[in-house]
Asks: 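Attaching a single structure in structure tokens format; questions to follow.
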Amino acid sequence: MSAPNAHPDANTPADAARPRNFIEQLIDADAASGRWGVWPKSEGPDRAGKPRVHTRFPPEPNGYLHVGHAKSICLNFGLARANAGKFNLRFDDTNPAKEEREYVESIKRDVAWLASAFNAGSFDSGPHAGGLFFASDYFDKMYDHAVDLVNKGKAYVCQLTADEVSARRGKPGVPATSPHRDRPPSESLKLLDEMRRGLHPDGSMTLRARIDLASNNFNLRDPVMYRILHQHHHNTADKWCIYPMYDWAHGIEDSLEGITHSICTLEFEDHRPLYDWFIKSINEGRSPPVWHSQQIEFAKLAPSYTILSKRNLLRLVQEKFVTGWDDPRMPTIAGMRRRGYTAESIRNFCDDIGVTKTDSLIDIGRLEASLREHLNRVTPRAMAVLDPIKVVVENWPEGKTDQLDFVINPEDPAAGTRKVPFTRELWIERDDFMEVPPKKFFRLFPGGEVRLRWAYFLKCERVVKDADGNITELRCTIDPDTRGGDAPPGPDGKPSRKVKGTIHWVSAAHAMPAEVRLFDRLFSAEEPGKRTGNFIDDLNHDSKRTVRAFVEPWLANAAATRGGALVSGTGPDGAPPTGGGFQFERLGYFCTDPDSAPDPRRLVFNRTVTLKDTWAREAAKA
RNA sequence: AGGGGUAUGGUGUAACGGUAGCACGACUGACUCUGACUCAGUUAGUCUAGGUUCGAAUCCUAGUACCCCUACCA
């Protein structure tokens, strides 16, 4: 009964049947035509003989990964997994001026964490591990190929400055010019060697490909292959003072790794002729030829109310609009993880929005919907009161404690139950009481009755106020016949009476104080910066609110275990918890923040996302 | 201006000359010890104008709108 479009190795919810996107269709076609050949026997029984599919994720280590990269990682890793292929993580570290070791480490952590959602290992372990690579490891080979191109008359050293090149760039219909284009190979070779040996200052000359100065595709107007950069490199140290440009380097990197489908974003579409030109030129007169991957472009993710450009994210960090790359409001993988996102929810989201070449603005609500869907399935429930008001149960003896059964996760019976203490004085949510209730308000009001979750029916007898008229406490009574939360059964076997509303509560004597950080979206505009040209103008100034809350004692250990109650486990290398944590009933999903400390005990929770709140919508209507 | 792309309900995404489907949202209702979840239903779409065809989202022609390209960034 399996659907025709199901993933071949379906074993997670995201693997359910869905239409094949254009890249998957292309891979199917390649497999049918035998375009890339098959994996050799040495690859083992699970892969040998199957059509080759080898993908990669090639980040530049100049910032933290964000949810847009997550789409690419899920796409590439997912393709490798679905086709019994391989996936490489490769750092495209060709520009030491902007790249740092710190970013390499964070990226490795984030990719591994996301890959964990596939239950199939990662880039360095498991059945689809292609390996970890650095473009900088290929610098020698790239240089050799460059010399080859010079010898073939396909590249030359140009002594124009950047400004001069720009001035001579030409226009559509007006060709560019370079006075050095017809320099004999021998001369270029000599200069290239001098460049490499550090005999010339930054910016004094470049190696350029000799393609077509008149092309309407400006990428083909003799693009720069190497520039001089006297910069220390995080990987090659001071071995090089010339560094390859993206277009020259990237195809060679893919070639060396035997990548079949080199997937990138749309803006590289008109670089593809260049990508192909370089490999073809290397292969001219060469036998056997080097591997020639296929570049495929897709539309990158653009979520509403979010910015994703690394330059702008860096600005948020540097100018302290957020606390760091991992601020829970950031769209970075690290920030989302700290916020409480699970890798699985991000994967499901990426799967959900599809892969196309159409530019589109994705409703950020889609991401939140994926998150809620997953968290609802896996998080243990707990009770916390964010804005407390005291309830005194007048007919409950002082000093008496009842231990009631609390269902840990109604969506997962296997999670079982635990005990919660009930006493005479309780905290309830201020929002759950109104002196003059509007229509359809079925929470607590004077003379009204609600159910305390898993405890007793509670009736409000009287409101106590201070001199200024502020409510200080509610005097209430419980119905002792409703222990556990239900009235005793009537003749028909059903509860003899019911209440409409159920509210959450915490025993005041047992309550633990906690700091709870309530996050909202970082920007108040759907497309930040669109209005004024400066995204800073659209910052939501109420994106973080901190409250002092009371939580039930069961949550106290959360600080020590850092959300260890969550099923998903933790990331590699001491990564923060995989997010998630708890559902605070009727409020939302929360997770412990790393700022928490077991000793002295300090509880800090982040609100990951609220529950859907149809009452808020109803109340707003009135 | 020249080159490269893309147009399907509010938002995403299917269809590959043959019944415009799915998801999210919104709205109704049911259920409910979370105003959550779940379930049922409703809403709403092929950029425009011509043409080919028995039949067009799909093919042709001409437009329109939006995105990308003139770094020694990736």
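All chains are named by letter (A, B, ...) in the order of the sequence lines, taking the proteins before the strands, and each is independently numbered beginning at 1.
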Asks: How close or far is atom P of B:rA71 from atom CZ of A:Arg169, stated in whole angstroms?
Replies: 6 Å
Asks: Taking syn as a glycosidic torsion within 90° of 0 and anything else as anti, which one is B:rA30?
Replies: anti
Asks: Counting distance alone, no hydrogens or angles: does the base of B:rG35 have a donor or acceptor under 3.5 Å from a partner atom on the side chain of A:Asp613?
Replies: no
Asks: Once you round it to whole Å, what is the distance between C1' of B:rG25 and CG of A:Asp352?
Replies: 12 Å
Asks: Across all strands shown, which nucleotide pairs with B:rG2 by Watson-Crick or G-U wobble geometry, both distances under 3.5 Å?
Replies: B:rC69
Asks: Tell whether A:Gln25 reaches the base of B:rC16 with its side chain through a donor-acceptor pair below 3.5 angstrom.
Replies: yes
Asks: Starting from C1' on B:rC72, measure out to CG on A:Asp247 and report it in whole angstrom.
Replies: 13 Å
Asks: I need the CZ-P distance between A:Arg311 and B:rA74, as an integer number of Å.
Replies: 16 Å
Asks: Going by an N to O cut-off under 4.0 Å, is there a salt bridge joining A:Glu24 and A:Arg18?
Replies: yes
Asks: Using a heavy-atom cut-off of 4.0 Å across all strands, would you classify A:Leu160 as base, sugar-phosphate, or nothing?
Replies: base
Asks: Could you tell me whether A:Gln583 contacts a base, only the sugar-phosphate backbone, or nothing, with contacts defined as non-hydrogen atoms closer than 4.0 Å?
Replies: base
Asks: How far does the P atom of B:rG63 sit from the matching atom of B:rG2, given to the nearest Å?
Replies: 11 Å
Asks: Return the value, rounded to whole Å, for the distance between atom CZ of A:Phe218 and atom C1' of B:rC72.
Replies: 17 Å
Asks: Checking all strands, does A:Asp486 fall into the base, sugar-phosphate, or nothing category for heavy-atom contacts under 4.0 angstrom?
Replies: base
Asks: Give the rounded distance in Å between these two atoms: CD of A:Glu618 and P of B:rG29.
Replies: 9 Å
Asks: When the ring centroid of A:His250 is compared with that of A:Phe268, is the distance short of 6.0 Å?
Replies: no
Asks: Taking the basic N atoms (NZ, or NE/NH1/NH2) and the acidic carboxylate oxygens, is any pair closer than 4.0 Å for A:Glu618 and A:Lys440?
Replies: yes
Asks: Can you tell me how the ring of A:Tyr456 sits relative to the ring of A:Phe422, calling it parallel under 30°, perpendicular over 60° and tilted otherwise?
Replies: tilted
Asks: Using a 4.0 Å heavy-atom cut-off, does A:Gly170 contact any base of the nucleic acid, only the sugar-phosphate backbone, or nothing at all?
Replies: base
Asks: Of the options A:Arg272, A:Glu267, A:His271, which is the one that meets A:Glu269 in a side chain to side chain contact (heavy atoms under 4.5 Å, CB included)?
Replies: A:Arg272
Asks: Does any N or O donor sit under 3.5 Å from an N or O acceptor when you compare the side chain of A:Arg366 with the base of B:rG25?
Replies: no
Asks: Are the ring of A:Tyr246 and the base ring of B:rA74 both nearer than 5.5 Å at their centres and tilted by less than 30°?
Replies: no
Asks: Would you kindly give the CG-to-C1' distance between A:Leu361 and B:rC67, to the nearest whole Å?
Replies: 13 Å
Asks: Using a 4.0 Å heavy-atom cut-off across all strands, classify A:Gly485 as base, sugar-phosphate, or nothing.
Replies: base
Asks: Rounded to whole angstrom, note down the P distance from B:rU53 over to B:rU43.
Replies: 36 Å
